[in-house]
Amino acid sequence: MPAIILSLPMLAANAAMNGPYDGDQSISGVVTEENLPVVRYVRLYHKASGDLVRVTRSKPDGQYIFKGLRANTEWFVVSHDTENRAYNAVIQDMLRTDE
């Protein structure tokens, strides 16, 4: 069974950054492999430019969050199995932060 990224709700958050992609929105989700949560690197990209914006690792329960994102923007998230390299990268595309 392939690895998947689940539940990507958009949440509000407070941010004090000044970069071109910074704001007060967040994207969160859960990374699983064979329906079990896993710790993986998760990377957030700006959809239009392809710029890598943030990198995090999911927690042991598979959850991750990217805080402080610009509103009204489209993103994509990529998760990689860098530990045992048994799974291909997983992409969640066309995510939006909305006001």
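FYI, side chains are in, hydrogens and waters are out, and symmetry mates aren't considered; it's all heavy atoms of this structure.
Nearest approach of T97 to I27, heavy atoms of both residues: CG2-CG1, 3.8 Å. Heavy atoms only, all atoms of each residue included: D98 and Q25 are closest at O-OE1, 2.8 Å. The two residues P37 and G62 have their closest heavy-atom pair at CB-N, 3.6 Å. The two residues S26 and G68 have their closest heavy-atom pair at OG-N, 3.9 Å.
Partners of Q63 under the side chain to side chain donor-acceptor pair (under 3.5 Å) rule, at least two apart in sequence or in another chain, are D61. S58 is linked by a side chain to side chain donor-acceptor pair (under 3.5 Å) to nothing, counting only residues two or more places apart in sequence or in another chain. Residues passing the ring pair (Phe, Tyr, Trp, His ring centres under 6.0 Å) test with Y45, sequence neighbours excluded: F76.
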(message) Would V90 and V31 count as a side chain to side chain contact (heavy atoms under 4.5 Å, CB included) here? Give the steps.
(response) CA-CA 9 Å; V90 177; V31 181; over 6 Å; no
(request) Tell me, with the steps shown, if R96 and N72 meet side chain to side chain contact (heavy atoms under 4.5 Å, CB included). (result) CA-CA 7 Å; R96 284 201 59 83; N72 299 316; 3.8 Å; yes
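Linking Ile, Leu, Val, Met, Phe, Trp and Tyr whenever their side-chain heavy atoms come within less than 4.5 Å puts L52 and I91 in one cluster.
Separation of atoms CZ (F66) and CG (L44) is listed at 5.0 Å; rounding is to 0.5 Å.
Applying the salt bridge (Lys or Arg N to Asp or Glu O under 4.0 Å) test to every pair with at least one member in residues 38-52, sequence neighbours left out, gives these pairs: E33-R40, R40-D81, R40-E83, K47-D93.
Side-chain contact check for Y21 versus W75: some heavy-atom pair is nearer than 4.5 Å.
Results of the salt bridge (charged side-chain N to carboxylate O under 4.0 Å, His left out) test with D22 over R70, R54, K67 single out R54 as the only residue that passes.
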